[in-house]
S.K.: 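Let me begin by handing over the structure; questions about it come next.
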Amino acid sequence: MLPSSLEIALPAWLRQELARAAAPEATDEARMAFVLGLVEAGLRRRDGGPFAAAVFDGEAREPLAAAVNLVLSAGTAVAHAELLALALAQQRLGSASLAEAGVRAVLVTSTEPCAMCLGACLWSGIGRVVCSARGEDAEAIGFDEGAKPADLEAALAARGILLRRDVLHQRGQGVLRAYRDAGGPIYGGDGHDPGV
Ligand SMILES: [Zn+2]
């Protein structure tokens with residue numbers, strides 16, 4: 001029997017964290033602190049990769065959706081935090097396009113999107129992407145960002161998506177280094193040597 005459904009569930013600790021955490025103020029910095037707090041919660045539990053993302057609607061404080069990287073626990077390379085947050089928000093609103101659902105969506109992500117998540121952003125109907133760590137920060141600890149346009153800002157702008165980088169950048173770099181220093185597994189990409 002071929003598989004007929006895709007199961008990717010947020011871990012119980014993340015659902016508890018999201019239920020407990022106060023919704024952030026509607027600023028990029030407060031939203032990033034919320035997202036980085038999810039990464040740090042995962043690090044404390046030594047569960048999942050060092051990435052988290054959330055989707056917000058305009059100035060609304062409650063996120064539409066939030067997720068962490070679940071590649072290892074879900075057993076699929078597509079379970080990146082940004083992709084999951086976008087998919088959860090879209091399914092919540094019942095629309096494959098957040099813009100068509102009438103949402104001025106902002107994706108807040110702990111590390112800027114990899115090649116796969118950049119594609120997900122382009123098709124998602126979001127209006128802005130806000131990042132903390134840079135792709136090179138993830139690559140510096142061995143993760144693979146894939147083939148991305150040299151000018152990420154221009155690639156997003158061509159689809160009408162604004163990009164803001166380096167929000168709480170040091171804290172964003174810090175969670176990546178903390179993950180590496182704790183011996184967290186590096187995965188993804190084509191299996192080449194980390195850091196190359
Ligand atoms: Zn990704």
Side-chain angles (χ1 to χ4, degrees), residues 6 8-11 14 31-32 34-36 38-40 42-43 47-56 63-91 96 98 105-156 158-159 161-169 172-173 175-180 184-192 194-196:
L6 183 63
I8 305 175
L10 299 182
L14 177 59
R31 287 171 168 176
M32 187 60 75
F34 172 84
V35 165
L36 291 173
L38 300 179
V39 181
E40 290 159 353
L43 290 179
D47 186 65
F51 307 103
V55 176
F56 294 88
L64 281 170
V68 296
N69 182 295
L70 298 176
V71 166
L72 294 177
S73 61
T76 168
V78 305
H80 284 198
E82 303 98 306
L83 199 148
L84 295 178
L86 290 168
L88 288 166
Q90 290 160 340
Q91 290 201 337
L98 295 169
V106 182
L107 175 71
V108 180
T109 176
S110 62
T111 298
E112 70 183 27
C114 71
M116 176 177 69
C117 294
L118 173 62
C121 289
L122 299 182
W123 314 138
S124 66
I126 55 170
R128 286 182 76 220
V129 178
V130 179
C131 316
S132 181
R134 296 234 174 184
E136 50 260 44
D137 297 323
E139 290 183 329
I141 67 162
F143 284 102
D144 190 346
E145 287 285 288
K148 293 199 292 189
D151 191 338
L152 185 62
E153 190 167 15
L156 289 164
R159 291 274 174 171
I161 303 169
L162 300 174
L163 173 66
R164 183 176 174 203
R165 284 170 147 153
D166 301 334
V167 175
L168 307 187
H169 191 197
Q173 291 174 309
V175 295
L176 294 174
R177 293 196 193 109
Y179 178 81
R180 177 198 59 194
I186 307 297
Y187 48 86
D190 58 5
H192 62 41
V196 175

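Indexing begins at 1, ligand by ligand and atom by atom, following the structure's order. Quick note: numbers below take in every heavy atom, side chains included, and nothing from hydrogens, waters or symmetry partners.
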S.K.: Should L156 and L122 count as side-chain neighbours, where that means a heavy-atom distance under 4.5 Å?
M.R.: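 A side-chain contact under 4.5 Å exists here.
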S.K.: Quick one: does D137's side chain get under 4.5 Å of H169's, heavy atoms only?
M.R.: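 Sidechains of H169 and D137: in contact.
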S.K.: Return the CD to CD distance between E136 and E112, rounded to the nearest 0.5 Å.
M.R.: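 Rounded to the nearest 0.5 Å, the CD-CD separation comes to 6.0 Å.
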S.K.: Under the 3.5 angstrom rule, does the side chain of Y179 hit a backbone N or O of P185 as a donor-acceptor pair?
M.R.: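 Checked: pair present.
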S.K.: Near the Zn ion (ligand 1), which protein N/O/S atoms are found at less than 2.8 Å?
M.R.: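 Protein N/O/S atoms under 2.8 Å of the Zn ion (ligand 1): H80 ND1, C114 SG, C117 SG.
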S.K.: Give a yes or no on whether the backbone of A53 and the side-chain of T109 come within a donor-acceptor separation of less than 3.5 Å.
M.R.: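 No; judged by distance alone, with no hydrogens or angles, the pair does not exist.
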S.K.: Sub-3.5 Å donor-acceptor pair from the side chain of T111 to the main-chain atoms of A133, do we have one?
M.R.: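 Checking the backbone N and O of A133 against the side chain of T111, no donor-acceptor pair under 3.5 Å is found.
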